[in-house]
Asks: 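The structure under discussion is supplied below as structure tokens; questions concerning it will follow.
These values consider heavy atoms only, across backbone and side chains, with no hydrogens, waters or symmetry-generated copies. Here is how names work: the chains are called A, B, and so on, in the same order as the sequence lines, proteins then strands, and each is numbered from 1.
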2 protein chains.
Amino acid sequence: MGDVKVKNMEEFAALSGISRPTVSKYFNDPGSVRASTRARIEAALEKYDYRPNIFAMNQNRKLTKNIGIVVPYLADPFFAEIARNIEQRCIDSGYRPTLFSSHGNPELEIEILDALQSLKPAGVLFAPLGRASNKAEIEKFCKNVPTVLFDSNLDGIGEAFVGSDNFSFVSQTVEYMTRTGAPPSFFEMRTPANPNANKRRAAYIEMMTRLGFEPHVIQVDGEGWAFEEIGRRGAHKVLEDKNHPTDAILCSNDRLAIGFLSACYERGVKVGRDADCVLRVASNDDHPFSKFTCPALTTAAHDYDRVSEHSVDSLFELIENGKRPGTRAETLFPARLILRASA
Amino acid sequence: MGDVKVKNMEEFAALSGISRPTVSKYFNDPGSVRASTRARIEAALEKYDYRPNIFAMNQNRKLTKNIGIVVPYLADPFFAEIARNIEQRCIDSGYRPTLFSSHGNPELEIEILDALQSLKPAGVLFAPLGRASNKAEIEKFCKNVPTVLFDSNLDGIGEAFVGSDNFSFVSQTVEYMTRTGAPPSFFEMRTPANPNANKRRAAYIEMMTRLGFEPHVIQVDGEGWAFEEIGRRGAHKVLEDKNHPTDAILCSNDRLAIGFLSACYERGVKVGRDADCVLRVASNDDHPFSKFTCPALTTAAHDYDRVSEHSVDSLFELIENGKRPGTRAETLFPARLILRASA
DNA sequence: AATAAAAATTTACGCGCGATAACTTTTACT
DNA sequence: AGTAAAAGTTATCGCGCGTAAATTTTTATT
């Protein structure tokens with residue numbers, strides 16, 4: 001990088017010996033100028049310290065290079081990881097991602113979308129809160145900005161949805177537990193924040209019926225996004241009552257399972273597949289911490305990479321093809337069973 | 001909110017019956033206009049749908065309302081939580097925070113600062129990676145932008161530092177373990193990413209010496225930010241060798257401890273203060289997940305609230321007082337001991 | 001070498017707002 | 001009521017760049 005500070009594009013164009021409009025074209029899309037001019041501009045970039053003014057750039061541009069990434073709850077490492085993955089892909093493609101978290105708050109979620117509008121984003125990758133989301137407002141937003149939903153679907157909203165196949169998750173965990181032990185009870189929140197939870201419950205019931213067993217759903221109380229604590233308290237109640245038909249529990253998601261295992265430990269209930277274990281616990285998500293629970297959690301893993309890759313690719317296709325595809329694609333990726341000690 | 005879209009401030013000013021420069025003043029600082037005009041503008045805001053164009057706003061402003069928040073590793077819920085706290089405080093004060101994560105990568109850290117410069121931020125709240133950070137580049141950045149460092153200090157860099165008092169953490173955990181059992185060995189990474197780790201080790205040695213015991217530091221190998229895995233592997237080695245003088249372990253931080261406890265469980269080493277326990281494990285940080293380890297982790301808690309409050313306040317003081325205070329304040333907040341089952 | 005197509009240049013305008021200066025109106029206070 | 005200070009108004013400029021049209025130069029094709 002250079003040492004001489006260059007004030008504006010006019011000056012930089014003069015220094016590089018190229019006209020300003022061409023330099024402008026270069027910054028908008030380096031591939032749109034001839035290789036020889038590109039080389040001259042890049043040589044000048046090495047020599048002088050110049051970056052176009054972002055604010056002036058975006059003011060009159062019809063399509064900015066800004067991408068909004070919105071996740072429901074960033075303190076959940078699952079979303080932090082997927083956000084990171086998506087963020088990197090955007091940067092690699094020459095876009096400028098900005099990360100937002102709704103922090104579990106539906107009003108904040110709408111405020112974020114409002115603020116995003118004024119950034120004139122080329123597109124938005126959006127994992128909604130789910131049940132609590134203000135769908136009318138979100139729909140309004142999606143009419144103005146090309147949006148790809150991920151992780152959590154809202155029917156008909158956004159240009160596309162990319163997520164994981166909940167049936168694939170639950171069918172594998174149920175099948176595994178049944179085959180290697182007993183058919184599990186299903187442990188979940190009574191009023192889940194996320195629509196995936198409902199699909200998982202339905203998949204559980206479907207699978208159990210298909211395999212010829214009676215489904216048994218345990219629903220615990222609790223609101224908000226403190227899933228571990230909800231799981232822990234719920235587990236204490238469940239373990240006290242002891243009215244589950246088998247010694248197998250399938251948690252709707254890993255964060256509930258983390259709480260569940262913590263309660264088991266507190267009560268001295270040994271979990272795992274050893275002979276002296278009284279309970280087997282499995283779950284879904286392959287949360288970054290699920291490897292470190294006690295015992296380590298058997299779970300079904302999201303295909304992080306493919307979900308984020310396909311989300312980003314879908315959005316870029318939308319952006320580059322002038323948007324509005326007509327049909328709303330819903331892409332689901334299958335899960336991968338991760339066997340650990342808990343079941 | 002209104003329904004009629006208003007194109008620009010000119011138009012909005014006409015609709016509200018106020019001159020454009022006054023409306024401009026209002027958006028810059030609502031308190032700077034008379035209460036009666038403020039009411040008229042706000043009435044018009046209710047009636048019409050108008051928001052100033054961010055890009056045009058920031059283009060010519062000497063001081064924007066942008067605040068950069070940079071954390072080293074967002075997939076660590078500790079940083080996610082503190083970032084959220086800081087973010088909210090910025091918004092409440094009328095600023096526009098943008099969140100960035102260095103993802104443990106020193107080059108990315110510098111890229112983020114570079115990108116931040118072009119956002120002309122009024123100020124930056126910055127938790128550096130630490131040892132791996134490119135200090136020369138960071139120092140250069142801090143010369144251009146008022147920056148408050150938090151969590152992790154870099155000597156002399158930035159206008160102020162706000163963090164936790166590592167001696168307060170370690171002295172309490174060491175004192176507690178010693179008083180209620182035996183003096184602990186200290187478990188840490190050989191080449192810690194973070195300068196706090198060095199301060200904690202020093203504090204441990206100081207405390208042990210003061211109490212009349214021989215310090216015993218266990219250093220495990222491992223690079224990067226996968227602390228849990230490093231802790232787990234390190235613990236397996238340590239537990240195999242069994243050459244620790246007492247049955248008490250103090251981990252440098254909670255994420256290492258999470259891995260340590262996971263290894264203990266895997267080996268059937270019972271941790272806690274019950275009679276049948278062979279090991280006590282404590283740690284420092286009060287990580288959001290430390291409540292759910294098995295057993296729940298005894299640790300020393302950061303004062304999240306005060307650290308983030310004071311960081312933000314320091315920065316705003318810098319910004320509003322025209323910056324450059326002359327002396328670089330370092331503020332450390334004490335820890336609070338959290339007793340749980342592990343020690 | 002002739003011709004068409006592609007790329008770069010020149011020129012000019014405008015985006016939406018911040019900032020300033022000179023002037024007028026409203027408020028606060030003796 | 002009189003006066004100074006505070007706040008609002010009108011007018012105008014400029015920020016740094018995108019964009020478009022008309023023109024010229026370069027490259028590719030036969």
Side-chain angles (χ1 to χ4, degrees), chain A residues 5-45 48-66 94 96 115 117-122 319, chain B residues 5-45 48-66 94 96 115 117-122 319:
Chain A
K5 275 262 172 193
V6 179
K7 247 186 54 179
N8 54 27
M9 196 181 277
E10 192 81 51
E11 206 176 306
F12 177 76
L15 287 168
S16 61
I18 308 280
S19 73
R20 188 179 66 77
T22 304
V23 172
S24 170
K25 265 191 81 180
Y26 167 84
F27 279 111
N28 190 6
D29 175 10
S32 70
V33 302
R34 206 185 296 147
S36 59
T37 49
R38 198 185 318 147
R40 288 170 68 191
I41 292 174
E42 277 160 6
L45 275 178
Y48 305 103
D49 182 15
Y50 169 70
R51 301 182 63 156
N53 181 308
I54 291 191
F55 303 111
M57 258 182 67
N58 287 324
Q59 179 164 25
N60 298 322
R61 229 207 266 284
K62 297 188 174 151
L63 221 51
T64 70
K65 293 276 183 185
N66 299 331
R96 291 181 27 86
Q117 291 237 28
S118 53
L119 282 181
K120 290 197 223 163
I319 293 172
Chain B
K5 274 260 172 193
V6 179
K7 245 186 55 180
N8 55 28
M9 197 181 278
E10 194 81 50
E11 206 177 305
F12 176 75
L15 285 168
S16 61
I18 308 282
S19 73
R20 187 176 68 79
T22 304
V23 171
S24 170
K25 265 191 80 182
Y26 167 84
F27 280 110
N28 190 7
D29 175 9
S32 69
V33 303
R34 207 184 296 147
S36 59
T37 49
R38 198 185 317 147
R40 287 170 67 190
I41 293 174
E42 277 159 6
L45 276 177
Y48 305 102
D49 182 15
Y50 169 72
R51 301 183 63 156
N53 181 308
I54 290 190
F55 304 111
M57 259 182 66
N58 287 325
Q59 179 165 23
N60 298 324
R61 230 206 265 284
K62 297 184 174 153
L63 221 51
T64 71
K65 294 276 184 184
N66 299 331
R96 291 182 29 89
Q117 290 235 30
S118 53
L119 283 180
K120 291 196 221 164
I319 293 172

Asks: Testing the basics here: between A/Lys120 and A/Asn60, what is the closest heavy-atom pair and its distance to 0.1 Å?
Replies: NZ-N, 4.5 Å
Asks: Figure out the NZ/P separation between A/Lys120 and C/dC17, and round it to whole Å.
Replies: 10 Å
Asks: Only counting residues at least two apart or in another chain, list the ones meeting side chain to side chain donor-acceptor pair (under 3.5 Å) with B/Tyr26.
Replies: B/Glu42
Asks: Can you give me the closest heavy-atom contact between A/Leu119 and A/Thr64, atom names plus distance?
Replies: O-OG1, 4.1 Å
Asks: Using the side-chain contact (heavy atoms from CB on, under 4.5 Å) criterion, which residues pair with B/Ser24? Sequence neighbours excluded.
Replies: B/Met9
Asks: Round to the nearest Å and state the distance from B/Asn60 atom CG to C/dT20 atom P.
Replies: 11 Å
Asks: Provide, to the nearest angstrom, the distance between the CG atom belonging to A/Leu63 and the P atom belonging to C/dC15.
Replies: 19 Å
Asks: Which pair of non-hydrogen atoms, one from A/Ser16 and one from A/Val23, has the smallest distance, and what is that distance?
Replies: OG-CG2, 4.3 Å
Asks: Specify the residue among A/Asn8 and A/Lys62 whose closest nucleotide of DNA chain D lies further upstream toward the 5′ end.
Replies: A/Asn8
Asks: A/Ser19: what forms a side chain to side chain donor-acceptor pair (under 3.5 Å) with it, not counting sequence neighbours?
Replies: A/Thr22
Asks: If I take atom CD in residue B/Glu11 and atom P in nucleotide C/dG16, what distance separates them, rounded to the nearest angstrom?
Replies: 10 Å
Asks: Could you tell me how far apart B/Glu10 (CD) and C/dG14 (P) are, to the nearest whole angstrom?
Replies: 15 Å
Asks: With heavy atoms under 4.0 Å as the rule, sort B/Tyr50 into base, sugar-phosphate or nothing.
Replies: sugar-phosphate
Asks: For B/Tyr50, what residues pass the ring-ring contact (aromatic ring centres under 6.0 Å, His included) criterion, not counting sequence neighbours?
Replies: B/Phe12, B/Phe27
Asks: Measure CD/B/Gln59 against P/D/dC15 and give the value in whole Å, please.
Replies: 10 Å
Asks: Listing request: all salt bridge (Lys or Arg N to Asp or Glu O under 4.0 Å) pairs with a residue in residues 51-60 of chain B, at least two apart in sequence or in separate chains.
Replies: none
Asks: Could you tell me whether B/Phe27 contacts a base, only the sugar-phosphate backbone, or nothing, with contacts defined as non-hydrogen atoms closer than 4.0 Å?
Replies: nothing
Asks: Check nucleotides 3-5 of chain C for protein N or O atoms closer than 3.5 Å to its own N or O atoms and list the pairs.
Replies:
none

Asks: Applying salt bridge (Lys or Arg N to Asp or Glu O under 4.0 Å), name anything that partners B/Lys5, two or more places apart in sequence or on another chain.
Replies: B/Asp49
Asks: Short question: side chain of B/Arg96, backbone of B/Lys65 - any donor-acceptor pair under 3.5 Å?
Replies: no
Asks: C/dA6 P sits how many Å from A/Asp29 CG, rounded?
Replies: 17 Å
Asks: Polar atom pairs between nucleotides 7-10 of chain C and protein, under 3.5 Å, N or O only, would you list them?
Replies:
| from | atom 1 | to | atom 2 | distance (Å) |
| --- | --- | --- | --- | --- |
| C/dA7 | O3' | A/Arg34 | NE | 3.4 |
| C/dA8 | OP1 | A/Arg34 | N | 2.5 |
| C/dA8 | OP1 | A/Thr37 | OG1 | 2.6 |
| C/dT9 | OP2 | A/Ser19 | N | 3.3 |
| C/dT9 | OP2 | A/Ser19 | OG | 2.8 |
| C/dT9 | OP2 | A/Thr22 | OG1 | 2.5 |

Asks: Which angle, to the nearest 10 degrees, lies between the helix axes at the two ends of the helix from C/dA1-D/dT30 to C/dC29-D/dG2, each defined by five pairs?
Replies: 20°
Asks: In whole angstrom, give the distance that lies between atom CG of A/Asn53 and atom P of C/dC17.
Replies: 16 Å
Asks: Counting only side-chain N and O atoms of A/Ser24, is one of them less than 4.0 Å from OP1 or OP2 of D/dC17?
Replies: no
Asks: Applying side-chain contact (heavy atoms from CB on, under 4.5 Å), can you list everything that pairs with B/Arg61, at least two apart in sequence or on another chain?
Replies: B/Asn28, B/Met57, B/Asn58
Asks: Can you tell me which residue pairs pass the salt bridge (Lys or Arg N to Asp or Glu O under 4.0 Å) test with a partner in residues 15-37 of chain A, sequence neighbours excluded?
Replies: A/Glu10-A/Arg20
